[in-house]
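One-based numbering along the sequence shown. What you see below is based on every heavy atom in this structure, not just the backbone, and it leaves out hydrogens, waters and symmetry mates.
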Amino acid sequence: MTDKPKKIHRFQIGLNVVVQIGLLIVLAAMINYLGFEHYRRWDFSRDQKYSLSDKTKRILDSLKGKLRITIFFSPNTPITSDVESLLTEYQYAAKGKIDVEHIDPERNFSRAKELFDKYKVVTDESMLVLDYEGRNKTVKASEMAEMDQSGMAMGEGPRVTSFKGEQAISSAIVDLTEGRKNLIGYVLGHKEPPIAEAAPSLLAPESQPPTSPISVLKTFIENENIKLQELNLFNVDAIPAEMKTIMIVGPQYDFSDREMLLLRDFWNKQGRILLLLDPSAKTPKLSAFLNDMGVRVNDDRLMAMVRTGIEEVARVRDVIGRFLADSPITKRLAEVRAPFLGGTCSLTLEPERARGAGVQIQPLVQAEKGYWGEVDYNSDDPAKLQFDQNRDHGAPLTIAASIEKGGSGDERVRMNSSRMVVTSNAFFVQDNALTQDQQALDFISGSINWLMSREQMIGIAPKVPKPLTFTLDETALRNLRWLVLVLMPLVPALIGSAVWWKRRA
């Protein structure tokens, strides 16, 4: 007797299939949700081309409202893909605070005209329009890149030599969020480096006027919504109230008694001062002003003995500084090294004197190990240019410090206070001394933003990428010639010969 076949429960099978499909859908939805909400991005491009700087991320974190960016780029603009990729990073870092709209003026003419009328755009150049809380600002393509037009005569298109999109866009965002320019007085009258461009000579009108020796620093500062305005203390009865911060860069002559009275009055009224000293200049009144607050400018020069070979040792005067992590100015540059050039003296911080004056002092930059402060720096006798612990100054050697009067040690507490940053070298910010790594610019920017109580703006600024270039000497060219003319044709010839021989056999 055979067993009856089992009854097929079609409903149960169908229900199982439906449940399995439902579970798969839920699982797929969960995976997609996690993928959209919790993911990481990596930039594998050369020089981290699209990675946003620390400063830009902090600017985006400080946004209170929604920022709308409209891209008016035609498809043939050379930097279109670069700008779109960069704005994708901005949207990711802003966490939903940025909306981006792409408009091709040639294809979507009606929409482009509507927004051109709204934002009062009167140029046909490719650009971005940033709109934030009723204020708007344009960023032109020419401001985001440097172009090489030399190939136009040969029928070639323009070539991008440097993409500066992040600098231009972040600067525009700062302008919009702050609403007005911050004013800094640039003190003149003691042979400081000028910030204004020299007028072209009538005798040689075709020649280019010389640029300011600190033009790079000036541009860098002004890109952060800051305006530098010349200030001559001889011509004013008091430092203007709208100037909450002043810069004194490398004065060659000392301040007069009247100027020092204005400076002290400004300091006592919660003034903010950036002071870059030139140790070779004799400025006893400025030094006495600092000494009263517990910062003594030493009459020495930093130097070190560096091994240049197996048996060779050379004396160097160019100073390598190390940023300290204890201050909000330099904590994001902690342990970074930067050149401060020769002619740097040391600063001695005296906490007891500072407490007596009611101020707090803090070292910002110290010289690397191996340096000492030589008091016989003008001597031609090599025997005297050796470290003498009884006369010279040893480590740690401070070359920049901050001073604050009436402040709070807690960064979260905002108080009206007098603030100052002083460095013992003024030449490291000049155009011929700045390096591509721009740590000096980041330090000055951090100092200024701390002085202006803009701590959210302190950070490492975006770098300007340069095109990759290399040169070949005669030997390398000869090797390359053999590679191209002999080795590359020889390899496929040998492979072909081997295949022919195998088939023939």
Side-chain angles (χ1 to χ4, degrees), residues 48 51-62 220 224 272-277 290 293-296 302 304 318-341 344-351 354-355 359-373 393-405 407-415 417-425 428-429 434-463:
Q48 303 292 293
S51 294
L52 299 182
S53 67
D54 172 62
K55 179 171 288 188
T56 293
K57 292 176 181 177
R58 292 173 64 83
I59 293 171
L60 296 177
D61 287 341
S62 67
F220 193 84
E224 298 187 350
R272 311 294 176 90
I273 304 172
L274 175 62
L275 176 55
L276 311 184
L277 295 171
L290 294 173
M293 290 177 285
V295 178
R296 187 173 74 246
L302 271 59
D318 287 346
V319 181
I320 302 299
R322 176 172 53 88
F323 298 106
L324 305 180
D326 299 330
S327 169
I329 300 174
T330 52
K331 67 180 179 181
R332 289 178 178 82
L333 293 170
E335 303 304 323
V336 172
R337 273 66 175 169
F340 278 79
L341 303 184
T344 302
C345 69
S346 64
L347 303 174
T348 297
L349 307 187
E350 301 175 331
R355 280 193 290 271
V359 301
Q360 299 171 339
I361 55 177
Q362 190 171 28
L364 301 176
V365 187
Q366 290 181 343
E368 275 280 41
K369 293 180 179 179
Y371 285 90
W372 76 91
H393 300 106
L397 295 165
T398 300
I399 55 181
S402 65
I403 309 171
E404 186 171 18
K405 180 181 180 180
S408 170
D410 190 340
E411 294 181 31
R412 298 169 296 178
V413 178
R414 294 293 181 89
M415 300 180 63
S417 62
S418 303
R419 289 181 173 183
M420 186 188 309
V421 172
V422 56
T423 73
S424 61
N425 187 306
F428 71 100
V429 296
L434 292 173
T435 65
Q436 176 61 23
D437 295 330
Q438 74 181 39
Q439 293 98 337
L441 292 176
D442 289 329
F443 169 63
I444 293 298
S445 171
S447 299
I448 289 175
N449 284 311
W450 178 75
L451 292 172
M452 302 178 73
S453 299
R454 300 198 307 174
E455 280 82 359
Q456 76 279 4
M457 289 286 294
I458 298 176
I460 299 175
K463 306 297 186 290

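- A donor-acceptor pair shorter than 3.5 Å cannot be found between the side chains of Gln362 and Asp326.
- With Tyr371 contributing its side chain and Ile320 its backbone, the two residues share a donor-acceptor pair below 3.5 Å.
- At least one side-chain heavy atom of Glu224 sits under 4.5 Å from a side-chain heavy atom of Arg454.
- A donor-acceptor pair is defined here as one N or O able to donate and one able to accept, closer than 3.5 Å; no such pair exists between the side chain of Thr56 and the backbone of Leu52.
- Summarising the geometry, atom OG1 belonging to Thr423 is positioned 8.0 Å from atom CG belonging to Leu347; distances are rounded to the nearest 0.5 Å.
- The closest side-chain heavy-atom distance from Ile273 to Leu451 is not below 4.5 Å.
- With respect to Glu455 and Arg419, a salt bridge is recorded, a charged nitrogen being found less than 4.0 Å from a carboxylate O.
- Atom CG of Leu397 is separated from atom OG of Ser346 by 5.5 Å, given to the nearest 0.5 angstrom.
- At least one side-chain heavy atom of Phe323 sits under 4.5 Å from a side-chain heavy atom of Gln439.
- In this view, Arg58 satisfies the salt bridge (charged side-chain N to carboxylate O under 4.0 Å, His left out) rule with no residue, not counting sequence neighbours.
- In this structure, Glu404 and Ser417 have side chains that are in contact, with non-hydrogen atoms separated by less than 4.5 Å.
- Contact of the Met420 side chain with the Leu290 side chain is registered, since non-hydrogen atoms from C-beta on lie closer than 4.5 Å.
- The closest side-chain heavy-atom distance from Ile361 to Ser402 is not below 4.5 Å.
- No side-chain donor from either of Ser62 and Gln456 sits under 3.5 Å from a side-chain acceptor of the other.
- For the atom pair Phe428 CZ and Leu441 CG, the distance stands at 9.0 Å (nearest 0.5 Å).
- In this structure a side-chain-to-backbone donor-acceptor pair under 3.5 Å is missing from Arg332 to Asp54.
- At distances below 3.5 Å, not a single donor-acceptor pair connects side-chain atoms of Thr344 with backbone N or O atoms of Leu302.
- For the pair Glu350/Arg296, a side-chain contact is recorded, criterion being any heavy-atom separation below 4.5 Å from C-beta on.
- We find the CG-CD1 distance between Leu364 and Ile329 to be 5.0 Å, quoted to the nearest 0.5 Å.
- Thr330 contributes atom OG1, which lies 9.0 Å from atom CD1 of Ile458 (distance to the nearest 0.5 angstrom).
- Atom CG of Leu333 sits about 9.5 Å away from atom OG of Ser445, to the nearest 0.5 Å.
- Considering only heavy atoms from C-beta on, Thr348 stays 4.5 Å or farther from Thr398 through its side chain.
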